[in-house]
Number of protein chains: 2
Amino acid sequence: MSNEIGYTPQAEERPAVTVDVVIFSLFEGALRALLVKRKSPPFAGQWAIPGGFVHLNESLEDAAARKLAEETGVTDVYSEQLFTFGDIGRDPRTRVITVAYFALIPYTAIEHHPGKHESATEWFKFDAMPELAFDHAEIVDYAHQRLRYKLEYTAVGFQLLPDEFTLTQLQRAYEIVLNEPLDKRNFRRKILVADIIEETGAKTSEGEGRPAKLYRYRTDSVTEVKTRRLFP
Amino acid sequence: MSNEIGYTPQAEERPAVTVDVVIFSLFEGALRALLVKRKSPPFAGQWAIPGGFVHLNESLEDAAARKLAEETGVTDVYSEQLFTFGDIGRDPRTRVITVAYFALIPYTAIEHHPGKHESATEWFKFDAMPELAFDHAEIVDYAHQRLRYKLEYTAVGFQLLPDEFTLTQLQRAYEIVLNEPLDKRNFRRKILVADIIEETGAKTSEGEGRPAKLYRYRTDSVTEVKTRRLFP
DNA sequence: ACAAAAGTGTTGAGAGTACACCCATGC
DNA sequence: GCATGGGTGTACTCTCAACACTTTTGT
């Protein structure tokens with residue numbers, strides 16, 4: 001019986017396992033995700049999130065990092081496991097279970113927006129997503145929801161910004177992801193009291209108006225801070 | 001090339017996929033998890049969390065529900081995907097990727113504490129866990145942490161209680177899972193103001209002292225309530 | 001001097017926390 | 001009548017949210 005403990009199923013009974021990565025970045029006033037255009041069936045010509053099969057000699061995190069590097073050229077960026085999608089019919093070829101990840105990369109780390117990889121890639125705003133292959137629309141929606149949620153309670157938002165940034169840039173980033181305007185004085189007080197950023201000592205030189213102080217994210221600060229709980 | 005989009009790997013390149021379920025219940029003053037004693041190698045004779053291979057014709061949720069029913073006899077209980085563990089050496093036989101779930105069952109739903117299934121099962125308190133097979137200690141720790149976290153911000157805690165309960169029972173459940181004493185008046189006010197439970201109209205008849213009002217969880221209430229956010 | 005963006009405090013409302021006594025029932 | 005657990009209110013503190021003007025720079 002295949003459900004008995006200790007039994008190893010033969011290879012032909014095994015599902016295929018892939019990783020898919022929702023890659024977020026923030027530039028030109030919008031939160032965007034990187035999509036690739038599929039060259040082969042099924043869904044040839046349709047957009048999909050980057051992904052591929054997990055090799056037997058790499059961990060899931062390694063597979064996700066490999067896909068990320070292949071599509072964007074970046075390494076050492078924030079990424080996190082999102083959810084595993086395994087419904088029976090999600091891939092018409094065969095049973096495929098996919099472990100979805102999401103990654104945050106600062107726009108300053110993106111080398112060439114047109115993909116240097118052979119496949120066509122493009123950054124899409126969330127309000128202008130094309131139709132997606134497989135169940136990737138569901139995966140992207142879930143990742144977007146999770147990003148907004150995480151941003152409210154943790155400090156991962158800084159992973160979308162360059163190493164040095166102004167408080168106005170930071171506030172804009174929050175406003176874009178949370179999709180609501182924020183009060184400047186309250187925002188600044190709250191961020192500064194949280195003690196997660198520090199001044200670099202430098203100021204912006206370009207741009208109009210009064211130069212702004214530059215800040216950096218304090219990596220020694222706790223990224224996940226406790227908020228007030230609901231229950232009980 | 002195996003990382004090319006559209007390529008389907010041959011069966012012998014595929015990892016095996018299992019589901020493992022951390023099953024929580026609350027009785028005799030402690031939060032407990034159900035473990036099964038392994039009969040076959042590897043780790044024969046050691047305790048492990050219930051799990052098994054995912055069939056090709058069932059979804060991940062179905063596989064988790066099947067395992068849960070096999071070990072406890074219960075169906076229709078709260079369960080949720082936890083995390084997918086896929087490190088290379090986690091199973092010495094072959095590459096095995098496991099999708100971990102956690103489930104909450106009320107003690108009133110447990111039929112016979114000694115497993116009716118052929119395998120030996122036992123409920124263990126968290127401060128008296130035996131050594132576990134594979135990376136199951138890590139999975140159990142992660143599930144425990146996630147349960148405490150979820151309990152503070154959502155109403156899933158009610159899934160550990162019978163359909164009707166008193167406020168004192170509810171407070172005890174929270175105190176056990178959160179591992180801290182709570183103020184009776186503040187607890188009651190907070191729970192009642194949240195508007196997630198309602199009186200059944202009945203009272204307890206057995207037990208010493210003044211009879212207590214019975215409450216039930218309002219299934220029409222929103223289970224995930226918004227708490228005050230940290231940023232910004 | 002003026003346009004453009006940076007920077008800065010106070011007040012009122014709501015929520016959280018700490019804390020002690022009376023009530024209903026069984027024996 | 002007493003032991004046992006159920007049930008109830010208030011005062012203080014702290015955090016959040018709303019809100020407008022001054023400062024620094026480039027042109």
Side-chain angles (χ1 to χ4, degrees), chain A residues 28-29 151-155 161-162 164-176 178-216 222 225-232, chain B residues 28-29 151-155 161-162 164-176 178-216 222 225-232:
Chain A
E28 292 163 13
L151 206 68
E152 292 184 3
Y153 298 104
T154 70
L161 292 174
E164 302 198 349
F165 49 85
T166 67
L167 288 179
T168 301
Q169 285 174 332
L170 181 61
Q171 182 176 344
R172 279 296 294 149
Y174 270 96
E175 288 176 336
I176 289 167
L178 300 179
N179 197 29
E180 61 180 313
L182 300 170
D183 179 86
K184 184 157 69 160
R185 279 171 294 188
N186 291 340
F187 179 85
R188 291 161 106 93
R189 181 172 346 100
K190 208 159 176 179
I191 292 287
L192 292 174
V193 163
D195 203 33
I196 51 181
I197 60 175
E198 60 188 6
E199 297 185 21
T200 66
K203 295 194 175 202
T204 52
S205 50
E206 54 198 30
E208 293 197 32
R210 173 173 169 177
K213 287 182 186 171
L214 286 168
Y215 290 82
R216 73 169 72 89
V222 278
V225 196
K226 258 217 145 0
T227 178
R228 203 173 294 173
R229 69 192 186 199
L230 184 60
F231 298 121
Chain B
E28 292 163 12
L151 206 69
E152 293 184 3
Y153 299 103
T154 71
L161 292 175
E164 302 197 348
F165 50 85
T166 68
L167 288 179
T168 301
Q169 286 174 331
L170 181 61
Q171 183 178 342
R172 279 295 294 148
Y174 270 96
E175 288 176 337
I176 288 166
L178 300 178
N179 196 31
E180 60 180 311
L182 300 170
D183 179 84
K184 183 156 68 159
R185 281 172 292 189
N186 292 340
F187 179 84
R188 292 159 107 92
R189 181 173 346 103
K190 206 159 175 178
I191 290 288
L192 292 173
V193 162
D195 202 35
I196 50 179
I197 61 175
E198 61 189 4
E199 296 186 20
T200 66
K203 295 194 177 205
T204 52
S205 49
E206 54 198 26
E208 295 197 33
R210 173 175 171 177
K213 287 182 185 169
L214 286 168
Y215 290 82
R216 74 169 73 87
V222 278
V225 197
K226 259 222 147 356
T227 179
R228 203 171 294 175
R229 71 192 185 197
L230 182 60
F231 298 121

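If you're wondering where the values come from, they're calculated on a predicted model, not measured in any experiment. Order of the sequence lines sets the chain letters (A, B, ...), proteins ahead of strands, with each chain counted from 1.
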Report the nucleotide, chosen from dC19(D), dA20(C), dT25(C), that has the shortest atom-to-atom distance to any side-chain atom of R185(B).
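Output: dA20(C).
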Per K213(B) side chain, nearest of listed nucleotides dT8(C), dG7(D), dA18(D):
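The listed nucleotide nearest to K213(B)'s side chain is dG7(D).
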Whole-Å distance separating the [atom1] atom of [X] from the [atom2] atom of [N]:
X       : N       : atom1 : atom2 : value
D183(A) : dT10(C) : CG    : P     : 16 Å
R188(A) : dC19(D) : CZ    : C1'   : 16 Å
E206(A) : dT27(D) : CD    : P     : 12 Å
R172(A) : dA5(C)  : CZ    : C1'   : 14 Å
L167(B) : dT8(D)  : CG    : C1'   : 12 Å
I191(B) : dG16(C) : CD1   : P     : 12 Å
E152(B) : dG16(C) : CD    : C1'   : 15 Å
L214(A) : dG7(C)  : CG    : P     : 9 Å

OG1 of T200(B) to CZ of F165(B): how many Å apart, nearest 0.5 Å?
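If we round to the nearest 0.5 Å, T200(B):OG1 and F165(B):CZ are 9.5 Å apart.
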CD/E175(A) to OG1/T168(A) distance, rounded to the nearest 0.5 angstrom?
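Going from the CD atom of E175(A) to the OG1 atom of T168(A) covers 9.5 Å.
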Check E198(B), E199(B), E164(B) against K213(B) for a salt bridge (charged side-chain N to carboxylate O under 4.0 Å, His left out) and give me the one that passes.
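So the option named by the test is E199(B).
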Looking at the base of dG16(C), is there any donor atom on it, or on the side chain of K190(B), that sits under 3.5 Å from an acceptor on the other one?
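By the distance-only test, no, there is no pair.
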Both N186(A) and E208(A) contact DNA chain D. Which one's nearest nucleotide lies toward the 5' end?
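Upstream on the strand: N186(A).
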Verify the contact: side-chain N or O of [X] to OP1 or OP2 of [N], cut-off strictly under 4.0 Å; return yes or no.
X       : N      : value
R189(B) : dG9(D) : no
R210(B) : dT4(D) : no
T168(B) : dG5(D) : no

Give me the atom names and distance for the closest heavy-atom approach of Y174(A) to T154(A).
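The answer is OH-O, 4.4 Å.
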Under the 3.5 angstrom rule, does the side chain of Q171(A) hit a backbone N or O of R188(A) as a donor-acceptor pair?
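Between the backbone of R188(A) and the side chain of Q171(A) there is no qualifying donor-acceptor contact (under 3.5 Å).
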What is the nucleic acid contact for T166(B), judged by heavy atoms within less than 4.0 Å: base, sugar-phosphate only, or nothing?
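Nothing, no heavy atom under 4.0 Å.
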